[in-house]
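Take a look at the structure set out below.
Remember, predicted model here, so these are calculated numbers, not experimental data. Atoms within a ligand are numbered from 1 in the order they appear, just like the ligands themselves.
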Amino acid sequence: MRYSWRIARLFKIDIYVDSSWFIIFILFTWAISTTYYPQRFADWPPLLNWSLGVLTSLLLFASVLFHELAHSLVARKQGEEVKRITLFILGGVAQISGEPKEPLREFTMALAGPLASFVLAGFYGILSFLLHSASRPLSAAAIYLAIINVALGVFNLLPGFPMDGGRVLRSLIWKFTGDLRKATRIASRVGQVFAFFFIVLGVLQVLRGIFSGFWLIFIGWFLHSASVRGYTQVLFESVLKGKTAEDLMTRDFETVSGSLSVQELVDEHILMKRERVFLVKEEAAISGIVCLEDVKAVPREKRAESQVRDIMTPREKFEAVGPRADGNEVLKSLAGREVHQVPVIQDDQVLGIICRTDLLRTLKLMNELGE
Ligand SMILES: [Zn+2]
């Protein structure tokens, strides 16, 4: 279970902190308070090291927020909707609606974050210089923040999608080929190479007894899944473009009678046909939909006496789409809700069902055939 809290609202954007963020905040504060500051300033009391550690840590995450705000504000200027910015264990993420509409927009949007980090690094560098004679501890914290902002900018510019540098790379390939799908595929491959590199490096570190290697493994794993997911999304969107629910649905679906007992449904339909979902028919009309989850909610000893119509989701409660519904909208509605299937209905007639697994299989096939 994951929780997140809204901590602020800046430029009309909600700022959230995910529960996983506290882990990195504590780890980071601990690391700089017990190693970085004591190593450089041995004569400082522990309380000072820890106070500076907390301050540095908070300002580091403010820097991450600054980076994400830069992306978000540029995106909004380009007409995109920015839903929220969330700080989590691996930094920050800005939730921006939709994929960029053209290469130049993505290019500027991606570059805005690292540029903001470099500007902030310059600011902290100057601040450190100015504070040098006034307060050595604060000057030390400022120089640390300058370095870390440079690192943040450089790391994000690595050309693996979906990191900022990967987005820059994608926009360039997109610009020169005019093919978003191809551009995403290449940038995503590069992202996977970097992910692999991080994981190998992490494993080597761990083998040598450097436990921060686990961190690299974690980052690599995250990057890998994000780059695969990013490509899959673009792929689906391009394959589904112009397709309607009618093109995607399966026409042979099972119907069962509402008067069937739950036990019969299990024995004769679920186990025999290995299906997970059935439409329920009563007097020639579809009255509801029943799925494996509904059956599981009925205690075993009650299954013989309960009927399918008692446990089904009635017709007026489940969502359906029309045959002309846009393919991308159908995919989004399947991904956004808990359901795994959606019936296609016209004039109260069920024409077919779109199941998530079927849809993914169809998409894969279409992609392989170049449809
Ligand atoms: Zn960024």
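Because the distance cut-off is set at 2.8 Å, Glu68 fails to qualify as a neighbour of the Zn ion (ligand 1), as none of its N, O or S atoms comes that close.
Nearest to the Zn ion (ligand 1), among the N, O or S atoms that Asp164 has, is OD2. Nearest N/O/S atom of His71 relative to the Zn ion (ligand 1): this is NE2.
In this structure, Leu223 and Phe161 approach most closely via the heavy-atom pair CD1-O, 4.2 Å.
Arg9 CZ: more than 12 foreign heavy atoms inside a 6.0 Å radius.
Checked against the 6.0 Å centroid criterion, the rings of Phe88 and Phe222 qualify as a close aromatic pair.
If you run side chain to side chain contact (heavy atoms under 4.5 Å, CB included) between Phe25 and each of Val17, Leu60, Ile89, Leu58, only Leu58 comes through.
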